[in-house]
Amino acid sequence: MLELYQFELSQYSEKVRLILDYKQLNYRKIEVTPGIGQLELLRLTGQKQVPVLKDGDRYIVDSTEIAKYLDEHYPERPIIPKEGIKRGLCLMMEEWADESIGLKGRKALFSAISQDQYFRRSLLPTTTPDILRTLVEGVPSDVFKALGFGVGYSPEAINQAIAQLKQDLEALCLILAERPYLTGDEPTLADLAVAGLSILLKFPEGDYLDLPASLKGKGVAELVNDPAYERFFTWREQVYTDFRRPISGFNPPADTNAPTSIQID
Ligand SMILES: N[C@@H](CCC(=O)N[C@@H](CS)C(=O)NCC(=O)O)C(=O)O
């Protein structure tokens with residue numbers, strides 16, 4: 001069976017999960033433990049990032065490479081058009097989504113977390129002991145903001161990311177006003193990339209991620225509460241309803257050979 005080394009809340013992992021579900025491929029999720037689990041990933045693949053797909057003895061690194069690999073080796077329900085303007089648009093939008101929504105979404109979410117204690121606490125893994133949750137909730141917002149400087153998330157960088165995301169969402173809404181999918185009448189990798197990468201802007205409403213129920217449908221206030229972007233989030237929810245498999249009832253048994261990782265169940 002295919003195996004996906006992932007973080008549950010990684011937007012690039014989500015892009016791959018949506019592609020796997022769209023293609024109706026069964027796979028087992030292997031939750032990589034930040035730090036120690038990544039060292040194991042380094043040993044296995046020569047790099048530390050998720051997502052990584054394992055197919056037999058082969059490891060495929062990077063969400064774009066995984067998408068191309070899957071379309072080549074599992075050609076049912078193709079996602080990358082073979083030629084012409086549709087192929088051009090698909091490849092361009094996928095690359096753009098990685099660089100834009102993927103990276104800026106992370107910054108925007110950081111801002112939402114630093115402003116909201118409850119959000120912060122709720123984002124901890126469901127296995128986190130209550131005492132630790134309470135400690136994290138208690139970290140004052142300004143301390144969190146100061147921490148952001150350390151990872152390149154100054155208030156200016158966050159504001160700039162949110163302004164740019166607004167432009168991105170406006171562009172997506174304009175396209176989706178005229179066609180059901182980003183490159184035309186059929187879904188392609190462009191749609192799956194944009195939809196999957198946007199989970200950090202607003203978590204999906206449905207039961208697709210291992211998240212506390214209270215966080216489902218929640219997101220970056222400046223984006224999700226603005227009616228100008230409603231068309232995008234409604235479209236994204238429809239893509240999930242149509243193509244993403246809900247989490248319940250989809251938990252293949254743990255792989256006993258899995259490296260330093262925990263299995264989500
Ligand atoms: N270009 C990569 C980006 C992957 C990426 O940024 N992964 C993040 C999680 S969303 C990660 O593994 N971060 C941990 C690290 O960099 O050590 C892709 O498309 O897969």
Side-chain angles (χ1 to χ4, degrees), residues 2-23 25 27 29-55 58-73 79-80 90-113 123-125 147-148 150-153 157-158 161 164-165 168 182 188-204 208-211 215 219-220 244 258-262 264:
L2 293 168
E3 292 182 327
L4 181 68
Y5 290 75
Q6 62 149 40
F7 296 156
E8 183 71 2
L9 291 186
S10 144
Q11 68 278 46
Y12 294 94
S13 300
E14 177 61 10
K15 173 181 150 190
V16 173
R17 292 187 294 249
L18 186 51
I19 292 169
L20 286 161
D21 283 357
Y22 179 80
K23 284 186 158 286
L25 293 168
Y27 66 99
K29 296 195 286 187
I30 297 179
E31 185 73 4
V32 175
T33 311
I36 184 124
Q38 287 178 272
L39 292 180
E40 183 63 13
L41 214 49
L42 179 64
R43 188 183 69 74
L44 293 169
T45 68
Q47 60 85 55
K48 289 196 298 185
Q49 289 197 322
V50 294
V52 171
L53 184 77
K54 182 167 184 267
D55 189 8
R58 193 161 172 180
Y59 292 91
I60 305 102
V61 171
D62 187 272
S63 61
T64 303
E65 292 309 313
I66 296 171
K68 289 179 178 167
Y69 174 88
L70 286 173
D71 222 31
E72 192 183 335
H73 292 82
I79 54 172
I80 306 179
C90 171
L91 294 177
M92 188 187 281
M93 282 191 205
E94 192 263 357
E95 165 70 7
W96 160 79
D98 273 5
E99 296 303 314
S100 176
I101 298 179
L103 297 180
K104 290 172 210 156
R106 205 179 273 162
K107 288 187 186 162
L109 180 69
F110 185 88
S111 130
I113 292 170
L123 272 171
L124 291 172
L147 282 174
V151 289
Y153 292 178
I158 289 173
Q164 289 168 346
L165 279 167
D168 294 340
L182 292 170
T188 68
L189 174 58
D191 302 282
L192 303 174
V194 166
L197 290 165
S198 71
I199 54 162
L200 300 187
L201 308 185
K202 179 183 181 187
F203 294 119
Y208 305 106
L209 297 171
D210 183 26
L211 261 187
L215 278 184
V220 179
R244 181 85 161 91
T260 42
S261 59
I262 42 167
I264 293 182

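One-based numbering, in listed order, for ligands and for the atoms of each.
- Of the protein's heavy atoms, Q38 NE2, 3.3 Å lies nearest to atom 14 (C) of ligand 1.
- Looking only at protein heavy atoms, the nearest one to atom 9 (C) of ligand 1 is S10 OG, 3.8 Å.
- A donor-acceptor distance shorter than 3.5 angstrom exists from the side chain of Q11 to the backbone of G102, with no hydrogens or angles considered.
- Distance alone, capped at 3.5 Å, is enough to place a donor-acceptor pair between the R17 side chain and the E8 backbone.
- When each atom of ligand 1 is checked for a heavy atom of Q11 under 4.0 Å away, the hits are 10 (S).
- Inclusion of K48 in the set of residues having an N or O under 3.5 Å from an N or O of ligand 1 is not warranted.
- Side-chain contact annotation: Y69 with D55, donor-acceptor N/O pair under 3.5 Å present.
- In terms of polar-atom proximity, D62 is counted as a contact of ligand 1, with an N or O under 3.5 Å from an N or O of the ligand.
- Within the 4.0 Å heavy-atom shell around ligand 1 one finds R106.
- Separation of atoms NE2 (H73) and NZ (K23) is listed at 11.5 Å; rounding is to 0.5 Å.
- Considering K15, K68, Q49, E94 as possible partners of S63, the one that fulfils the side-chain hydrogen bond (donor to acceptor under 3.5 Å, both in side chains) test is K15.
- Partners of F7 by ring-ring contact (aromatic ring centres under 6.0 Å, His included), not counting sequence neighbours: none found.
- Considering both main-chain and side-chain atoms, Y12 never comes within under 3.5 Å of ligand 1 through any nitrogen or oxygen pair.
- Annotation: V50 places an N or O atom under 3.5 Å from an N or O atom of ligand 1; distance criterion only.
- For atom 20 (O) of ligand 1, the closest non-hydrogen atom of the protein is S63 N, 2.8 Å.
- Counting only distance, with no hydrogens or angles, the side chain of T33 and the backbone of I36 share no donor-acceptor pair below 3.5 Å.
- When side chains are defined from C-beta on, Y12 does not count as touching D62, because their heavy atoms never get closer than 4.5 Å.
- Taking distance alone, with nitrogen or oxygen atoms compared against 3.5 Å, T64 stays at or beyond that limit from ligand 1.
- Annotation: Q49 places an N or O atom under 3.5 Å from an N or O atom of ligand 1; distance criterion only.
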